[in-house]
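So you know, we letter chains A, B, ... as the sequences are listed, proteins then strands, and number each from 1.
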Number of protein chains: 2
Amino acid sequence: MARWWVDAETLPHDNEELARRLGQVPLFQGLAADVLARIGSQAHPKAIGAGELFFNEGADAEAFFVLTSGRVKLTQLTPEGHQVVLRIIGEGDAFGGAGAFGDLTYPIGAEAVEPAVALVWTSDTMRQVLETEPRVALNAVQFVAGRLHDLQRRHRQLMTERVERRVARALLRLVREAGRRVDAGVEIDFPVSRQDIAEMTGTTLYTVSRLLSAWEDRGIVESGRQRITLTKPHALVALAEDLPER
Amino acid sequence: MARWWVDAETLPHDNEELARRLGQVPLFQGLAADVLARIGSQAHPKAIGAGELFFNEGADAEAFFVLTSGRVKLTQLTPEGHQVVLRIIGEGDAFGGAGAFGDLTYPIGAEAVEPAVALVWTSDTMRQVLETEPRVALNAVQFVAGRLHDLQRRHRQLMTERVERRVARALLRLVREAGRRVDAGVEIDFPVSRQDIAEMTGTTLYTVSRLLSAWEDRGIVESGRQRITLTKPHALVALAEDLPER
DNA sequence: AAATGTGATCTAGATCACATTT
DNA sequence: AAATGTGATCTAGATCACATTT
């Protein structure tokens, strides 16, 4: 997908283009151009830097977001302060819907892993859109149900699969959603640390480091500081799916 | 909550009462009586025995259900055939919505843990209701979002907490949703095996058995064949929340 | 027959402790 | 300074193997 807006300033200048882009967001699919323009006119852009937050878990759910550039990780914190990464989203993805759906506080946090820009609506505005545009409500059901089904599958995998397979799946998922072709193979297109992978898969950075070292020895991956390239993705698929490795 | 219908035969006789009951289902909250009556008239009841299925994971998502009596576990199977229990639902709970929300197959299975009766609509019917009754779509977003948030919390717990705590949480959850006061304390009101608890918490029946034995020694639970009574629920809360135990 | 209980043993992966790299 | 690599050690909980209970 092409970049939507390179920065916050370019956004308000072209409302027609904005409406066209919004129509490609799954949540707003199927809406008439004038409705999209009206929804778009109620948004304002917000840009944050890498490591900054759009919102914290537990904060008042005052706003709804659609990411227009960058990557954002959706996280939860344990009472002991350990972070868990639920998913990493990219441009065109909606997040922070809890307020519009009736919750008082965000059940998750949202942190930029690289500089990010999002369109922001107040939760009240988005609740009104949900209530006046039945198509948006239908899209929202499908969107949230999709998230639920995906998490159910990963929950099952966390319950039943070994760490190696879960880490293999996480890497494949990341390149599927954010892969960039490079000479050596497919690279994950934003900074990912061993710690990030550990927080996505329910293990420790030590174990991720050892797995990546072992895979590097076998020529399956190449990795550096916050950078991972899959040189033989099919070999990781074999690990993830328990296929014979040829 | 009082029993809705003791068996399939009693259902069709009183459409007004049916509409009143449907109005208490979260998904149908806020609908006018005539709309409820129309929705109710399109349902038919289905009764199955303990251990039988309303549907299998992966089957065509042809129908939508509201449980009116009994308990149903929502499950997933691993490729190796191991079962995982995502949740156990009771009367008034909706399930099998995937078809109405646009999926072709059920992402989970639904098995009765005791004799159960559900109202059944075709997925097409329910999709039409979703499309013509904006309030139902709004309710559905809230319902599915609630399921998602709950699973996100449990996913985090599965990633970060020890087995003992997860099992303590599972028991507390079961008595909260299906607890029955008895002389000795609070009993889980349907048959639960060690295996069921293991499939809910991502451990083995052996570990659950050992935990229950240890807790029985400490006077926290009493348990028998497919039966668990919490005699000191507060002690389990202390285990689940890491409180000092007094 | 299916569910449960429990001792003995094993092991995947966590934890600890440093060293090295970017 | 933050991220990574890796040897040494530890341990929670799985696995195995029976015995017992309902």
Those residues of residues 75-90 of chain A lying under 4.0 Å from DNA chain C by at least one heavy atom:
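Residues of residues 75-90 of chain A under 4.0 Å from DNA chain C: none.
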
Indicate yes or no: at least one non-hydrogen side-chain atom of B:V208 is less than 4.5 angstrom from one of B:L205.
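The answer is no, as the side chains (C-beta and beyond) never meet within the 4.5 Å cut-off.
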
When you compare the side chain of A:K73 with that of A:R87, does any pair of heavy atoms fall below 4.5 Å?
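No - every pair of side-chain heavy atoms lies 4.5 Å or more apart.
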
Side chain A:T231, main chain A:A184, donor-acceptor under 3.5 Å:
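Looks like no, no N/O pair under 3.5 Å.
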
Could you tell me which non-hydrogen atom of A:S123 sits nearest to which non-hydrogen atom of A:G99, and how far apart they are?
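Looks like OG-CA, 3.6 Å.
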
Please report the closest heavy-atom contact between B:F54 and B:K46, naming both atoms and the distance.
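The answer is CE2-O, 3.8 Å.
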
Salt bridge (Lys or Arg N to Asp or Glu O under 4.0 Å) for B:R156 and A:E199? Distances and angles first, verdict last.
CA-CA 10 Å; B:R156 184 202 74 208; A:E199 288 169 356; over 6 Å; no

Electrostatic pair B:D150:B:R153 at N-O distance under 4.0 angstrom:
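Salt bridge between B:D150 and B:R153, a charged N being under 4.0 Å from a carboxylate O: yes.
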
Salt bridge check, B:R180 against B:E187: does any charged N sit closer than 4.0 Å to a carboxylate O?
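The answer is yes: the pair qualifies as a salt bridge.
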
A:R210 vs A:R225, nearer the 5' end of DNA chain C by closest nucleotide
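This one resolves to A:R210.
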
Go through DNA chain C and write down every stem, that is, every run of at least three consecutive Watson-Crick or G-U wobble pairs with distances under 3.5 Å, as range with range.
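Listed by first number, the stems are C:1-22 with D:1-22.
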
Residues touching DNA chain D, which here means a heavy atom under 4.0 Å, drawn from residues 191-205 of chain A:
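Within this stretch, A:S193, A:R194 sit under 4.0 Å of the strand.
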
Mapping B:E161 and A:G224 onto DNA chain D by nearest heavy atom, which one lands closer to the 5' end?
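Per heavy-atom nearest nucleotide, the more 5' residue is A:G224.
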
Looking for any heavy atom pair under 4.0 Å, which part of the strands does B:S209 touch: base, sugar-phosphate only, or nothing?
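Contact class for B:S209: base.
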
Regarding A:E164, tell me which of base, sugar-phosphate or nothing describes its non-hydrogen contacts under 4.0 Å with the strands shown.
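Nothing, no heavy atom under 4.0 Å.
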
Can you establish whether the number of heavy atoms outside A:D183 located under 6.0 Å from its atom CG is more than 12?
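It does not: A:D183 CG has 12 such atoms or fewer within range.
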
Set of side-chain hydrogen bond (donor to acceptor under 3.5 Å, both in side chains) partners for B:S213, sequence neighbours left out:
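With sequence neighbours excluded, B:S213 shows a side-chain hydrogen bond (donor to acceptor under 3.5 Å, both in side chains) to no residue whatsoever.
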
For A:V175, enumerate each residue passing the side-chain contact (heavy atoms from CB on, under 4.5 Å) test, keeping only those at least two apart in sequence or located in another chain.
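By the side-chain contact (heavy atoms from CB on, under 4.5 Å) rule, A:V175 matches A:V186, A:I188, A:L230.
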
Give me the first and last nucleotide of DNA chain D, going 5' to 3', that has any atom under 4.0 Å from a heavy atom of chain A.
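Listing 5' to 3', DNA chain D meets chain A from D:dA2 to D:dA8.
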
Gap between atom CZ of A:R225 and atom OG of A:S223 - 0.5 Å precision:
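A:S223 atom OG to A:R225 atom CZ measures 12.5 Å (nearest 0.5 Å).
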
Of A:F95, A:F55, A:F64, A:F101, the residue whose pairing with A:Y106 passes ring-ring contact (aromatic ring centres under 6.0 Å, His included)
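Of the listed residues A:F95, A:F55, A:F64, A:F101, the ring-ring contact (aromatic ring centres under 6.0 Å, His included) partner of A:Y106 is A:F55.
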
